[in-house]
> 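Mind having a look at this structure? Questions to follow.
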Amino acid sequence: MSALVATPVLVPLATVALTALAAGRPRLQQVLSGLGSLALLLCALLLLGQVEGGEGARLAFGNWPAPFGIEFHVDRLSAALVLVTALMGSASLLFLASDADPGRRHPLLLPLLHGLLVGVGGAFVTADLFNLYVWFEVMLICALGLLALGARPDQLDGAFKYMVLNLLGTLLLLISVGAVYAATGHLNFTALSQAAPSLPPALAAVLLTALLLSLLLKSGAFPLYAWLPASYHTLPGPVLALCAGLLTKVGVYAVLRLTGDVFAPVPALLPEALGWIACATMLFGVLGAAYHWDMRRILAFHIVSQIGYILLAIALDSAAGNRAALFYTVHHIVVKATLFLLAAMIWRYTGSYDLRRIGGLFRARPRLALLFMVPALSLVGIPPLSGFWAKLVVLQEALARGHYAWTAVALLVSVLTLYSMMKIWMEAFWKDHPQKGWSLPRNTRLAPAWCATLSLAAVTLWISFAPQALLAYAEAAALSLGGGR
Amino acid sequence: MIPLLALTVFVTVTAGVYLALSRDLFRCVVGLAMLGAGANLALYAAGAKGSARPAVIQKGAEVLADAANPLPQALVLTAIVIGFALVCFALVLLLRVMQYAGSDDADRLRLAEPRPDDPLKPPSHSADCLPVYPREDRS
């Protein structure tokens, strides 16, 4: 059933429409939004089951033959990411039912959140370069809406900075898409991959560089990551977790799709440059995190740093590298979102995101402290958690390719990540609360929050203790990409 | 046609970058709008080679022959619509930001940043905005 291919867009789009229509009735809106996210999860699972066996599923709109119409194409890579997207959507929406930093209840909050899922899902399944640009714009306007929704001065400030840099990115993407079309006469990924080898190498390098530059800006890579830590921390907790988990990863996915699949093999200079950019991204992200005291800012800088690892895996320019990139992306989305959600719960218990003003949670909520350890140590890469396997496959391939400098940087960044995570743990949990006589707030409504974070932690633990399943899947996904040809 | 388009794109993009780099927030948004116009022109130029005749099948003919490529024009149209919406949003956002910040200077747009007197280090005893607690308690 090929209509299933369009569901990552159609289901959230229908939910956007329904929740917008139900804007006047909050309870109904919530029910519709929950049903929408469950339907998306179900469709993503079905889609995964469909592509697992064979070649992947295609859908050409209007039945236009291959290079002319707009095509959606779901292979293993896309299916896995769509499933993670659906999972994150459900977890964040569930979390939103708690009172942990939910932000202002605006009637447009839920439609915009699902709109974000439309953009992310569309970007993951499309097989058309211009269509990819459109999905980036959908994500941009929804993210801007979510940023500006609270209408606090700092949110508007963050939204403005986010907008200026991301608009620059999409304009650059638009120009490079136009240039690619002018050079090849195609926008369809399959047609592009057939036309790419006949391009003059210099022209191909220039086109790819322009495309990658805009996509790297979108993924928050060095040196154009300033928009991310400047704006993310103004979002309310659950929305922040969704944005942090998904938005930058779409840029990374597009980089992987273009270098590893559509334009593979790419000119040798590009992976080399990408590798150094990845190293700088890792290092500057983690150093920025070390400086800050606001949990959200620390974690936002860690997004940048972790993006560096995924880009490093892509820069290895091999099937094993692409496998590592997919594994790392899945692990990272889950872990990062969990950390942001847990930060929102810490905020609910202690009343602040600023590590200098909080503490004493280990004594008051020891289980939360243990739960925090799972994603935190996984992000660092402590065995046997999922981050360890993710880093292992990246660094194994980096060493196999002889990139010792990149490996060294990655290991150093791991140590610094440990420092940041321990900083949060020591300050928020271990030390006493700075106010004498502080006690936990009464009447918290955190059951949905516990439910969401425990499920995500369970996913992390599943990846940790049974990494073979995901590794084998990622291997099959990487081999079906152009890089395996 | 192409050299003229190239020159126009060059001028538009140059002006757009110059304005977008300005510290004046309004100029910055206008610069982005001009950059968007430059991008649209570049996209248009992608299909402006070859024939310039309208893409209409002549009477009696079966296939489209010797006509301009209509696809880039459709793409440009999409991009214009998206760009227009974003510029409108940007202008409204800009107005609100300027109201809150009381300034149109990008350097003074620090509403989302830590307070300038925030030491961003472990607090000292005198930090007024932070709870005071003795350092030695934590060692």
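Not measured: the values here are computed from a predicted model. Convention: sequence-line order gives letters A, B, ...; per-chain numbering from 1.
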> In terms of heavy-atom proximity below 4.5 Å to chain A, should B:L41 be classed as side chain, backbone, both, or neither?
neither
> Just give me the residue among B:L25, B:L86, B:T78 that pairs up with chain A most often, heavy atom to heavy atom, under 4.5 Å.
B:L86
> Enter the distance from B:L95:CG to A:L156:CG here, rounded to the nearest 0.5 Å.
11.5 Å
> Check B:A46 against A:G178 and note the closest heavy-atom contact, atom names and distance.
CB-O, 3.2 Å
> Give me the atom names and distance for the closest heavy-atom approach of B:E113 to A:R297.
CA-NH2, 3.6 Å
> In Å and rounded to the nearest 0.5 Å, what is the CG to CG distance from B:L93 to A:D157?
9.5 Å
> Please report the closest heavy-atom contact between B:A79 and A:L174, naming both atoms and the distance.
CB-CD2, 3.7 Å
> Please round to the nearest 0.5 Å and tell me the distance separating atom NZ of A:K161 and atom CG of B:L111.
7.5 Å
> Please classify the contact of A:F68 with chain B as side chain, backbone, both or neither, using a heavy-atom distance under 4.5 Å.
neither
> With chain A, which of B:G36, B:A106, B:C28, B:G16 has the greatest number of heavy-atom pairs at distances under 4.5 Å?
B:G36
> Distance check, rounded to the nearest 0.5 Å: A:F160 atom CZ versus B:M98 atom CE?
9.0 Å
> Quick check on A:A148 against chain B: is it the side chain, the backbone, both or neither that has a heavy atom closer than 4.5 Å?
side chain
> For B:Y44, look at atom OH and say whether over 12 heavy atoms of other residues, nucleotides or ligands are found less than 6.0 Å away.
no
> Please state whether the side chain, the backbone, both or neither of B:I82 comes within less than 4.5 Å of a heavy atom of chain A.
side chain
> Chain B: which of A:L171, A:D432, A:V134, A:T234 shares the most heavy-atom pairs with it under 4.5 Å?
A:L171
> When only pairs under 4.5 Å are counted, which of B:L75, B:L32, B:L43 shares the most heavy-atom pairs with chain A?
B:L75
> Where on A:L144 is there a heavy atom nearer than 4.5 Å to chain B: the side chain, the backbone, both, or neither?
both
> B:V76 versus chain A, heavy atoms under 4.5 Å apart: side chain, backbone, both or neither?
neither
> For B:Q99, is it the side chain, the backbone, both, or neither that has a heavy atom closer than 4.5 Å to a heavy atom of chain A?
neither
> For the pair B:Y100 (side chain) and A:R152 (backbone), establish whether a donor and an acceptor sit closer than 3.5 Å, ignoring hydrogens and angles.
no
> Should the heavy atoms of other residues, nucleotides or ligands under 6.0 Å from CH2 of A:W430 be counted, would the total exceed 12?
no
> Between B:A112 and A:H233, what is the shortest heavy-atom contact and its length?
O-NE2, 2.7 Å
> Just wondering, more than 12 heavy atoms not from B:F10 lying within 6.0 Å of its CZ?
no
> In terms of heavy-atom proximity below 4.5 Å to chain B, should A:F130 be classed as side chain, backbone, both, or neither?
side chain
